[in-house]
Structure formats: structure tokens, C-alpha cells
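The structure appears right after this line, and notes come after that.
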Amino acid sequence: MELDKAYDPKAAEENHYKRWEENGYFSPEINQLSDAPKYSIVIPPPNVTGSLHMGHALQHTIMDVLTRWKRMQGYRTLWLPGTDHAGISVQRKVVEQLKKEEHKKPTDIGREEFVRRAWAWKEEYGNTITEQMRREGVSVDWSRHRFTMDESLSLAVRSVFCTLYEEGSIYRGLRIVNWCPKDKTVLSDLEVKDEVKKDGKLTYLKYPITGTDRTITVATTRPETMLGDTAVAVNPSDDRYKDLIGKTVSLPLTDREIPIVADEYVDAEFGTGAVKVTPAHDPNDYQIGQRHNLHQLLIMNDDGSMNSAAGSEFEGLDRFVAREKVVERFEELGLLEKVDDYEVTLPICERCKTIVEPILSEQWFVKMEEMRDMALALMRNEGVPHFSPRIPHEKVYTAWLENLKDWTISRQLWWGHQIPAWYDIEGNVYVARTEAEAYEKAGTRSLIQDQDVLDTWFSSGLWAFSTFGWIDDTTSTDDLERYLPTDVLVTGRDIIFLWVSRMIMLTRKFTGKKAFEDVVITGTVLGKDGKPMSKSRNNGVDPIEMFDKFGVDATRVYLASIATGADIKWNDLLIETYRNFANKIWNATRFCLMNSEGAVVDHASLMERGGLSLPDRWIISRLNQTAIEVNRALDKYEFHIAVSLLYHFFWDEFCDWYIELKKDEINAGDVEATTRILTILEIALRMLHPFMPYLTEELWLKLPGVSAELHHAAYKQADGTIMLTSFPPGDPSAFDEQADREMTSIIDVIKKVRNIRAEMNISPSIKFDLHIAADEAFQNVFRSNEAQILKLARADRVVIAKELEVPKASAKAVTSHASVAVPL
RNA sequence: GCCGUCUUAGCUCAGCGGUAGAGCACUCGCUUCACACGCGAUAGGUCAGAAGUUCAAAUCUUCUAGACGGCACCA
């Protein structure tokens, strides 16, 4: 059989994925052994709004390597795919579409219609990423694909909500929350990012003390909130203000008198030592307000504009316009003390970058103490999850848990899991799994469901078990029984708190099981400029483009070659390395097949050690050592080590030495030699398969004598494919230290001669006599491999003796087992 | 403010207690019958700086400088 001169990745990529998928190779049911151990992974569900980026490609590569490796080891392997409904993202897409195409707002079409359109949007665009994933070659079981708003996953969400509510862990309360005026929804602390603003201002406002001509000065970065002040606080031990405690100030721009209270929170050393208190717009002020029973005056609307409580002069103004106006008015009144430059850190919405407003709002929360303690106990007692890399993630994860606060789970959106709570006319709340149940509890005919939906992370927090069919604690499914806990979670460090920790806690709480044993935290693939890839920086690298340019397999090996957890700057040159590697594998196979008539892959051919030559014994020894080390590296999630081992074994040892040494025999059509090299190649391809699925399948199918006979015992009934062969475990009894040593001595000699040739400028076409001196044992080694030495050293004749007997004008060199000389 | 990471060959990165490694780029030589996406051979580093522990440190400790990440606070 004759192969093309260069590997064409596209053809292989188009040939195999569909067949694998249609033949059910990705399904755990392909495994026919009833006692096979299981291996399971759930995918971090990408957003339906997303398209494949390099971070996905990296994580998917790692998960696929693990899945294919374990499958080849005979595990009943399930990698479960799915997508996330991505509340805010989809909502925003639909709002934009509505605005663009119909010039309408969501309220114009109503909730029901809006949700219908969101589903339509999801149907139309939500599969982009799953189609791209097929190109990656991921061996996920598409028949088990889940979406966070699937019926059964939605039922799971409801029952978890109800259970937590019934036991008092979920409550509804008025709290200071992070409010995004653009998205018009509350956000959890984790969805708020910080942005340092160097040119901020600190404004000092003077408040007149009632009944005196004195004033008290307070400082603020948000002057407009003074319209909502309901007190001024000072430290009780601050002598400057002791006599003012209990007095009131006349709040400028309003007709209100507000008290001066004493509170330990106030730091007498900072600023003026007096703090304006706005309980409805600041978390600390809220706390002070609670302690002093202060009125909570809300002065903003949900879009960040001032409301009527801010006074007629300000009503309707945007918060930033109001800010300027307040300062102006204070200046007019002679109550503006000064404005200092001040570096402020602003909270911004993670998604839309709008400045988040702390605001008093009634929301749903989850108390986390119990689940937090479960997770901490899991770590303390069992070291679960085991993070790779362990440093720093284990410590960061633990520290975060220890300081965990209540989780804000309601969102003012229409797209998502609507909160299963209903209200009657008096405002009584009925939390129920179904509307009917709510009516039954309420005993009335008129209920309104809570308008909010749940944080997207609430449903993805159940992902580790809701995907296996869990609906409530009476559920029993085979998948749940079999695949939970999952074996490993592979994800990025940005969602360790948002997602990983919540899955651990919720899974433990609701199933009593662990979500997963191990967590692999991948690094960040940075742009060429060393910054995280982003649209605004325009430094992104599209995985699909890389697939087109270098092939999927080359891209996968490159991604796998990055040390676990390390960040890496993108560099096309490195992918090229692995594109070249793919081509090397292709051509090595091409060579093995050129004169392969009569030879077949035959594992028995490697067993009769008696009749094997030194290069045979050596390459078999190296093959087995490599296999053992690759398995060991994968066991430890050291993918880059596995890649390096395979790269050097295949290129340096198999191609540069073994093939070169066996070339004459193969070219001469020596069936035994060709059988052996084909068999060694076949084993090497198996080891490469988890990393380079397309290339290895393409080549494996071309090898003579391959069939389902070579499959792992669990897959004998399936049609022939490399993905169902056994992953080479490596056989320590095949280690041959003597062969390693002897072969090394021959390689050393040849390298020295080549060195001499280059140093002495001897043209490759010129042949010469080569003198080798060594002890008797090595003389025998060199004698019995004389033909190979002659060929690779490009010598005419080899003289082997105890001592070198050469003219003075000779180039000499010494290896650890021999001396060599070339007469000039 | 607290916690943490990184700084190794021109570039991108491995190594993390025992005589400095890879790929690419560079230099030299090869139209060698699998592969020029190739073959062969060189060259290139006081492992950011300083001090310490050790028989032995790129690798452990401390400090300094630079790059960066997370958390908290932010009147």
C-alpha cells in the first residue's frame, strides 16, 4: 500500500468522527464486560451563547485524553456533554434581537412570548458549540447530552429549592445586594469585579447641626447617596464629636433631620471621623442602620436613576448626573468643604461592565453554613477534591469556603428557572414543587408566581447529579448509581468558587456522595501579547482556524503539552512542531507499509525474544518503558510529560534509530522484520491515540492484519477501530538493560563518527575505514552489529580491536564504552 | 491590607536537592531510495539579584526588584 507523501489532516478528520459516533463507540454501553470498572466525567457545560475558544479546546483535549485512555484500558467510560442556559447572556441576546428587529422592549411582548423567543434563539444558535466540539474529536456520549433547562434538570432544581426552603436554608429577605442598573438584576458577589479608577474623587460635605451654627463634615465617593442619608455616625470614644452624639443635623437639600449616632464601626482616624449613613445604599451603613434602628430610605430606581424619595429636584436624574448636581448645590449653599482626588475601586458588572450599585432589595438567599461544613469536612477527612495542581488551589478553595457568606440566588430575569414560590393577595408565600401543590397549600384560587428566576449557577451546581437523572431524593437511576461520584472535573480556575465548590456542596448535601474525586485546573491560554484572550483586545486565537491550518491532532497535542495549570502565551510555531510530528508519524507508517507484503501486525512476533536482534530487543524494551511512564504520567494528570515521552520515543528512538537500523531488512522485504516493525508501530499508535485520535485511526486502519481481534476484551463485538484496542500497559519483564546498554554504545559510536565527519569537513559521500577499540564484550557487540554501524556511520570498513592501531593523522574520539578513530 | 504565583538559552516553555533540558529560531553540512512539515552536526545559559541552610541549591529558607493572580476593604 502506498500512502500520500504528506499527512492531510482534513481527510482523516472527516472520515472518522461520524463513524465513531454512529457506531456508539462513545457510549459506555459499548463495553460488554459486566464487571468493568467505570470512569466518568461530566463536561463543564458551555454557555449556549458561546462558541469554541482556546480554553474549551484545552479542557476538552484533556478530558478526551483521559476518556480515551480509560476506555482503552477497559473502563466503562462515560463522558457526559451538555450546555448551560446562561441566564443573563441569552436574555441579553434576545433583548438585542427584539430591539434590532422589531424595535420592541421585552415588556412590550410580555414574559411568555419573551421566553418562547429565548427558546427559539437557543434552538437556532445553541448548537454552535456542540458542532464545533465534534470537530475536536471529543468522545462524549451525545445520547446523554443534557441542557440545564431540560425537564428533568428543571425538576431537580425545584426539588432542591423546596428542600432547602423547607429546612430553612433558603429565605427571602431585604438585604443590600449588588445591583446592575443596565441588566436590571441583582448579582452575586462573585459576579462583581473590581475596577480601579485612579481619578476618583472624595467629596467632603458639611452638614449643619440643628439648632447651632456648627457643621459636621462627612466624606463620600458617592455624593448623591446623601439624599438617602438617615444618620451621621461617629466613634463613641472620639472626643471631637462626643458632645454631638444624640443631636441631629438638618440634612441639606432635603427637609429631614437625622440623628448623630455613635458606632464602633467608625474609624476616628480615617477622614473626618464622621460618616454619613445611607442604610439603603451601602452594606456597612445597612449594618449601622440595623444597630440603631434607622430608617432605610431607598432613593434610586432599578435603572440607576433617582426616584421620588430623592426629592423633586433630583427625581429622574441618572445617578451620575445627580452626583454632580448634589456637589453643585452644596457649593451654592456654602456647604462644600473640599473635593480631593482619590483612587477608588469601583464594583462593576462582570458581564456588561456597568458600575454596580449597592442597593437595598428583597431577594432570595441560601444559607451556606451546613453545606460549607460538609465540603470542608470532605477536604479535611479525605482530601477531596484532590486538586491538580494542588498548590495553590487547595488552599484558596479552603480559605474561600471558610469565609463563605449567604448566596444571593434570585435574578430579575425572565430566562431561567422561575422561582417556585407563589404569593396570595396578602403576600403570603407558598413554596412548592408544582403550581398545583402551591394552590393546595394556599387553599385559594388566586396566586402569583415569583417573577424572578434562579442564578444560573444554582442549576449548574446540580450538574454532577442532575445530569444522571436525579429529580429528588427518591430518585434511583442506573446512571446515578453507576457514574456518581464522577472521577475528575476538568475546568478553569475562574469558576472554582462559582461552580466547582457549589457542585461539591450541593452534591454532598443532596446525594450524600462526592461530586468528583479529583479536580484538574487548567491554565489560561494567553494571546501573543501575554494577556488573556478577549474580544476587546482582539488578541484571540480561534481554535477552528488552528484546526484548519495545522490539524486537530496537532492542536490537541500542543494543548496537552502545556504543563497542568500553567498559563501559556500562544505561539503558532509550537503547534507547527506537532503538525510536523503528525507528519513524521504518517511517514514512518508510510515507510513501514511500502514493503509490507506478507507481513501483518502480530503481537506474538515480539514475544519470541530468543531470535531477536539487538535493535529489536532495545526498541521493545524502550517501548515498554515508555508505555509504563506514559501511564504513570497520565495517572498523575501530567499530560505534558506523557506528550514529551511519546514525542521522543517515536521520533528519536523509533524513527531516527530503529527504522534507520532496520531499513535494509525492511527494504529487502524481510517479512519477519516487517512484521515486527508493524507491530511496534501499532503499539505506538495506540499510545498516541488519546492525543491524536484522527491520525492514529487513519493509519491504524491501513495496517495489515488489524481487526476487532486486536480490541480490548470489553469491545470484541465492535467493528475494528484503534479507539477500542487496549492501551499498552507496558510490561516490566520486557525491560532489557543489557540491550539498552549495548544499543547506547552503538549509538554513541555512530554519533562520534558523525561528529568527526562534520568537524573534519568530510563530505557524506566520502567513505572511510572506521577503527573501534573496546573490551571484549563490546567488541562482540560491535561485530555483531557491524552492518548497521557501517551504514549509519557511512564507513567502508570497520576494524574492531582491543587497541586502536591507526596512523597519527587520525581523528579520534572516546565514548563511555569505546574509542573510535578515523584515519585522515 | 491579606494570601499566592511567576522571573531558566534569542523566542515559547519543561525541570523543582545530586555534573543545566526541549521545540522553534541561529550557524555549518546534506537533492542519503518514509518524511525538506526532512536528515546529520555545532553554537548558545554565573537558572532575576543578595544572603542563608546543606557534603551538594535553578530546585529549600529569608530579603530585594520586576511581572501577575485571588480575596478583603474602600467615609
Side-chain angles (χ1 to χ4, degrees), chain A residues 2-7 189-190 194 196 200 202-205 217-222 225 232-234 265-267 270-278 282-285 342-347 389 391-393 395-397 399-400 403 493-494 496-497 523-524 526 528 530-532 550-551 554 558 561-563 565-595 638 640-641 643-644 647-648 651-652 655-656 659-660 663 666-667 750-751 753-765 791-792 794:
Chain A
E2 184 77 14
L3 266 55
D4 290 342
K5 227 175 159 181
Y7 170 51
D189 293 347
L190 289 169
D194 287 341
V196 177
L202 187 62
T203 306
Y204 291 77
L205 304 174
T217 304
V218 296
T220 179
T221 53
R222 295 187 289 151
T225 61
V232 170
V234 297
Y265 165 77
V266 180
D267 178 0
F270 190 94
T272 63
V275 179
K276 60 189 277 305
V277 183
T278 325
D282 184 280
N284 293 307
D285 294 7
Y342 190 69
E343 181 177 308
V344 287
T345 312
L346 298 171
I391 298 168
H393 301 114
K395 195 173 169 184
V396 172
Y397 163 82
W400 182 79
N403 297 302
R493 53 178 160 252
D494 52 333
I496 294 178
F497 305 148
T524 309
L526 307 169
K528 292 178 177 96
K531 303 253 170 62
F550 301 107
Y558 170 48
S561 77
I562 301 167
D567 291 350
I568 187 133
K569 267 188 236 181
W570 188 262
N571 189 345
D572 278 5
L573 289 174
L574 291 166
I575 284 206
E576 231 176 295
T577 298
Y578 295 108
R579 189 270 316 262
N580 296 350
F581 183 45
N583 195 240
K584 189 74 180 175
I585 296 166
W586 175 269
N587 274 291
T589 306
R590 179 169 182 257
F591 170 76
C592 292
L593 290 174
M594 281 178 113
N595 295 290
E638 293 173 338
H640 63 297
I641 291 179
V643 168
S644 166
Y647 184 92
H648 291 293
W651 201 311
D652 301 348
C655 290
D656 286 351
I659 288 185
E660 292 304 327
K663 214 165 212 173
I666 308 292
N667 281 338
I750 294 169
K751 286 193 162 209
V753 177
R754 286 170 172 172
N755 184 327
I756 289 169
R757 185 184 288 278
E759 295 287 300
M760 296 293 140
N761 265 321
I762 303 169
S763 154
S765 55
K791 181 172 167 63
L792 297 191
R794 304 188 137 261

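Labels below follow one simple rule: chain letters A, B, ... track the order of the sequence lines, proteins then strands, and each chain is numbered from 1.
Relative orientation of the F581(A) and W651(A) rings is parallel, given thresholds of 30° and 60° on the angle between their planes. A parallel orientation is assigned to the rings of W400(A) and F497(A), their planes being inclined by less than 30° (bins at 30° and 60°).
At least one side-chain heavy atom of T225(A) sits under 4.5 Å from a side-chain heavy atom of T220(A).
Neither OP1 nor OP2 of A22(B) sits under 4.0 Å from any side-chain N or O of Y578(A). Between G4(B) and H393(A), no contact under 4.0 Å exists linking OP1 or OP2 to a side-chain N or O. The phosphate of C39(B) (OP1 or OP2) has a side-chain N or O of W651(A) nearer than 4.0 angstrom.
Put simply, the side chain of E638(A) and the base of A14(B) share no donor and acceptor less than 3.5 Å apart. Residue-to-nucleotide contacts include no donor-acceptor pair under 3.5 Å from the side chain of K5(A) to the base of C35(B). In the interface, the side chain of R579(A) is paired with the base of C37(B) through a donor and an acceptor atom under 3.5 Å apart.
Here the straight-line distance linking atom CZ of R590(A) with atom OH of Y7(A) works out to 15.5 Å at 0.5 Å rounding. Considering CG of D494(A) and CG of L190(A), their distance stands at 11.0 Å, rounded to 0.5 Å. With rounding to the nearest 0.5 angstrom, the CG atom of D572(A) is 11.0 Å from the OG1 atom of T577(A).
Salt-bridge check for R493(A) with D567(A): passed, with a basic side-chain N closer than 4.0 Å to an acidic carboxylate O.
For N580(A), counting side-chain heavy atoms from C-beta on, the closest listed nucleotide (U12(B), C37(B), C71(B)) is C37(B). The K584(A) side chain lies nearest to G38(B) when the options are U5(B), G38(B), C37(B). Residue I568(A) places its side chain closer to U12(B) than to any other of A14(B), U12(B), C73(B). When the nucleotides C71(B), G23(B), C37(B) are ranked by their closest atom to the side chain of Y647(A), G23(B) comes out on top. Taking only side-chain atoms of R754(A), from C-beta outward, the nucleotide of C24(B), G40(B), A34(B) with the closest atom is G40(B). In the set A75(B), C71(B), C74(B), C74(B) carries the atom at the smallest distance from any side-chain atom of N284(A). Checking C37(B), C11(B), G4(B) against the side-chain heavy atoms of P392(A) singles out G4(B) as nearest. Set against A34(B), A75(B), U32(B), the side chain of A588(A) has A34(B) as its closest nucleotide.
At the heavy-atom level, K569(A) lies under 4.0 Å from the strands shown only through sugar-phosphate atoms. Here I641(A) lies out of heavy-atom contact (under 4.0 Å) with every strand. Here C592(A) lies out of heavy-atom contact (under 4.0 Å) with every strand. Residue contacts shown for D656(A) are limited to sugar-phosphate atoms, with no base heavy atom under 4.0 Å away. Across all strands, D267(A) comes closer than 4.0 Å to base atoms (heavy-atom distances). Nucleic acid contact for T272(A): none, since no nucleic acid atom lies under 4.0 Å from a heavy atom of the residue. Residue-level contact check: A566(A) touches the backbone only, with heavy atoms under 4.0 Å from sugar-phosphate atoms and none from bases. Note on D194(A): a base of the nucleic acid sits closer than 4.0 angstrom, heavy atoms only. Nucleic acid contact class of T345(A) (heavy atoms, under 4.0 Å, all strands): base. Counting any heavy atom pair closer than 4.0 Å across all strands shown, Y342(A) reaches sugar-phosphate atoms only and no base atom. Contact annotation for R757(A): no contact, since no heavy-atom pair falls under 4.0 Å across all strands. Residue K663(A) is classed as a base contact, given a heavy-atom separation below 4.0 Å to a base.
Following rounding to the nearest Å, D189(A) (CG) and C73(B) (C1') show an atom-to-atom distance of 13 Å. We find that CZ of R222(A) is positioned 11 Å from P of C74(B), with the value rounded to whole Å. As a whole-Å value, the separation of I575(A) CD1 from C37(B) P is 17 Å. We find that CG of N755(A) is positioned 18 Å from P of C28(B), with the value rounded to whole Å. At whole-Å resolution of the value, CD in E660(A) and P in G38(B) are 14 Å apart. Following rounding to the nearest Å, F591(A) (CZ) and A34(B) (C1') show an atom-to-atom distance of 7 Å. With rounding to whole Å, L573(A) atom CG is found 11 Å from U12(B) atom P. We find that CG of D4(A) is positioned 15 Å from C1' of C37(B), with the value rounded to whole Å.
A residue-by-residue look at R794(A) and G273(A) shows that R794(A) has its nearest nucleotide of RNA chain B further toward the 5' end.
Remark: the separation of the C1' atoms in G69(B) and A36(B) is 44 Å, to the nearest Å. Here, G29(B) and U42(B) have their C1' atoms 10 Å apart, quoted to the whole Å. Taking the C1' atom of each, A25(B) and G10(B) are spaced 7 Å apart, rounded to whole Å. Comparing the P positions of G40(B) and U19(B) gives a spacing of 27 Å, expressed to the nearest Å. C63(B) and A9(B) are spaced 26 Å apart, taking the P atom of each and rounding to whole Å. The same atom, P, is picked in C2(B) and in A72(B); the two are 16 Å apart, to the nearest Å. Comparing the P positions of U53(B) and U61(B) gives an interatomic distance of 15 Å, to the nearest angstrom. Using P as the reference atom, U12(B) and U31(B) are 36 Å apart when rounded to the nearest Å.
Judged by Watson-Crick or G-U wobble contacts below 3.5 Å, the nucleotide A22(B) has U12(B) as its partner. Across all strands shown, G52(B) forms a Watson-Crick or G-U wobble pair with C60(B), both key distances being under 3.5 Å. Base pairing analysis places C33(B) opposite nothing; no Watson-Crick or G-U wobble pair with both distances below 3.5 Å involves it. In this structure U27(B) sits in a base pair with A41(B), meeting the Watson-Crick or G-U test at under 3.5 Å. Look at G69(B): its Watson-Crick or wobble partner, with both distances under 3.5 angstrom, is C3(B).
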- Message: For a side chain to side chain contact (heavy atoms under 4.5 Å, CB included) check, start with the C-alpha distance between R222(A) and T278(A), then their side-chain angles and the critical distance, and finish with the verdict.
- Response: CA-CA 11 Å; R222(A) 295 187 289 151; T278(A) 325; over 6 Å; no
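A ring-ring contact (aromatic ring centres under 6.0 Å, His included) with Y558(A) is found for one member of F550(A), Y647(A), W570(A) and no other, namely W570(A).
Annotation: I391(A), atom CD1; neighbour count of heavy atoms from other residues, nucleotides and ligands within 6.0 Å does not exceed 12.
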